[in-house]
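Below is one structure, written out as structure tokens; the observations come after it.
Order of appearance sets the numbers: ligands from 1, and atoms from 1 within every ligand.
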Amino acid sequence: MITKPKGTYDLYGKKGKETVALRNFIEELMDKFNYEYIKTPLFESSELFHRGVGDTTDIVTKETYDFVDRGDRNMTLRPEGTAGVIRSYIENKMSNDASVPKKFWYFGPMYRYERPQSGRYREFQQFGIEALGSNDPMLDAEVISVATTLFNMLGLQGIKVNINTLGDNESRELYRNALLDYLRPHIDSLCDDCKKRFEKNPLRILDCKVDGDNEVLKNVPKTIDYLNESSKKHFDKVLKYLDALEIEYNIDTSIVRGLDYYTHTVFEIEASVEGFGSQNVMCGGGRYDNLVKTLGGPDTPGVGFAIGIERLLTALEFEEISLTDDDSIDCYIMPMGDEQKEFSFALLSALRILGIKSDIDYLNRSIKSNFKQAERLNAKFAIIIGEKELEEDYLTVRNMQTKEEEKVANEMIITYLFDSLMDNEDLCDCGCSHDHECDCDDCDCDK
Ligand code: ATP
Ligand code: MG
């Protein structure tokens with residue numbers, strides 16, 4: 001048997017439905033926030049990620065899927081979404097568009113060669129946003145609010161926003177020197193990767209998974225103590241805007257994020273859901289005012305985030321939140337014999353086109369097992385089409401909830417179904433035939 005690659009999973013059934021529903025939910029939300037959809041290729045030239053994400057990051061040094069294509073080009077499966085969006089922004093000259101800032105959302109698979117574990121895959125999906133062209137701290141707060149609004153609207157509890165700032169280039173440089181001075185006497189106690197990072201990009205040391213528990217790293221200087229005036233002001237304003245939206249946050253000076261491109265605000269959002277385990281960070285993001293220029297575009301500030309869809313779905317599952325409560329169909333069509341199949345098939349198509357969710361028997365079942373199938377599919381109505389029905393131009397319609405059957409003239413079927421489906425929506429789920437307004441005592445449902 002050929003099996004799926006390590007660290008990947010097949011999406012189908014309930015999880016598949018939940019993912020589609022979540023994507024639809026996100027799509028509607030992004031429309032309200034006035035962000036536009038963008039899709040960039042799943043692979044890009046390797047250079048994009050080396051320059052964009054950074055040569056010294058774990059993502060690029062250890063986690064990329066690199067390959068040489070048949071035209072001898074070095075390609076990489078995208079490990080994250082931002083670099084591709086920025087490449088597209090530059091290549092398509094979107095900076096010429098007067099409607100600044102440009103605000104995008106994306107949704108799709110990312111690839112990282114990681115050690116698979118729960119909440120950590122080699123192919124996983126991210127929903128992300130990028131807002132380009134304004135350095136207003138209001139936009140940093142808006143980006144954070146997109147994530148918190150999504151989580152709140154989904155009904156997730158225990159959401160925690162952890163935020164920090166790296167400051168602008170000048171502040172980062174001041175901090176970098178302070179960090180080098182602090183680490184220099186302890187360099188021997190660092191892992192081999194961190195020894196290299198010390199030379200090339202010391203900030204990355206703070207993100208090291210190996211040295212995470214090293215005492216030396218627990219007392220490192222904090223970026224927040226090395227901010228120049230304008231960086232301090234920027235951060236204070238971000239916090240004020242978050243206050244204005246009543247978004248609670250926790251300033252966590254240990255966050256520096258795994259990618260090279262961040263400046264100013266960096267943040268992570270975690271779900272403190274019981275039983276979730278250690279992979280509970282659902283969202284990571286921040287401001288990246290140098291990235292567009294680094295990738296060869298005009299000097300353009302940006303801010304964004306990415307949310308891990310698998311972790312978000314797990315959080316929803318733990319909190320017993322489902323986005324797909326409707327697993328029923330409206331109509332199940334049962335042709336009694338071969339002679340009725342063409343008519344039935346045409347009716348099926350007509351119902352579907354009119355927006356009535358319908359299906360048909362494809363296995364020539366007996367009437368008894370057809371009713372069982374209608375129950376399995378949670379059909380609201382079964383339409384029985386036999387010899388007599390065709391001869392006399394009517395259909396037998398069974399209400400699967402009340403078990404009542406009616407003869408409906410062919411030309412009346414659509415009107416009949418529309419009317420009945422609307423009535424049916426008012427019925428109690430328990431099938432007691434009382435409508436939602438009913439508060440009589442014989443009804444044992446809560447409606
Ligand atoms: P981590 O510290 O967990 O490795 P990260 O900092 O590498 O996360 P980001 O690059 O910020 O993650 O990606 C944003 C989000 O995408 C993460 O918060 C997480 O929810 C999700 N994510 C990242 N890597 C994976 C993965 N390998 N499998 C599933 N989800 C992932
Ligand atoms: Mg990671």
Under a 4.0 angstrom heavy-atom cut-off, which atoms of ligand 1 come close to Gly119? 28 (N), 29 (C), 30 (N)
Donor-acceptor pair, Arg112 side chain versus Lys62 backbone, under 3.5 Å? no
So, do Tyr332 and Phe381 have ring centers that fall under 6.0 Å from each other? no
Where the closest heavy atom to atom 3 (O) of ligand 1 is concerned, which of Glu268, Glu310, Arg120 has it? Arg120
More than 12 non-hydrogen atoms from neighbouring residues, nucleotides or ligands closer than 6.0 Å to NZ on Lys293, yes or no? no
Report, in ascending order of atom number, the atoms of ligand 1 lying under 4.0 Å from any heavy atom of Glu114. 24 (N), 25 (C), 26 (C), 27 (N)
Under 3.5 Å: N/O of Val281 near N/O of ligand 1: yes
Between Phe104 and Tyr37, ring centroids under 6.0 Å: no
Could you list the atoms of ligand 1 found under 4.0 angstrom from a heavy atom of Gly308? 15 (C), 16 (O), 20 (O), 21 (C)
Tell me, please: is Met282 in heavy-atom contact with ligand 1, that is, under 4.0 Å? yes
Return yes or no for this condition: an N or O of Tyr121 is under 3.5 Å from an N or O of ligand 1. yes
Let me know which of Asn135, Thr263, Asn290, Asn228 forms a side-chain hydrogen bond (donor to acceptor under 3.5 Å, both in side chains) with Asp168. Asn228
For ligand 1, does Gln126 get within less than 4.0 Å through its side chain, its backbone, both, or neither, judged by non-hydrogen atoms? side chain
Quick check: Phe127 with Phe305 (ring centres under 6.0 Å apart)? yes
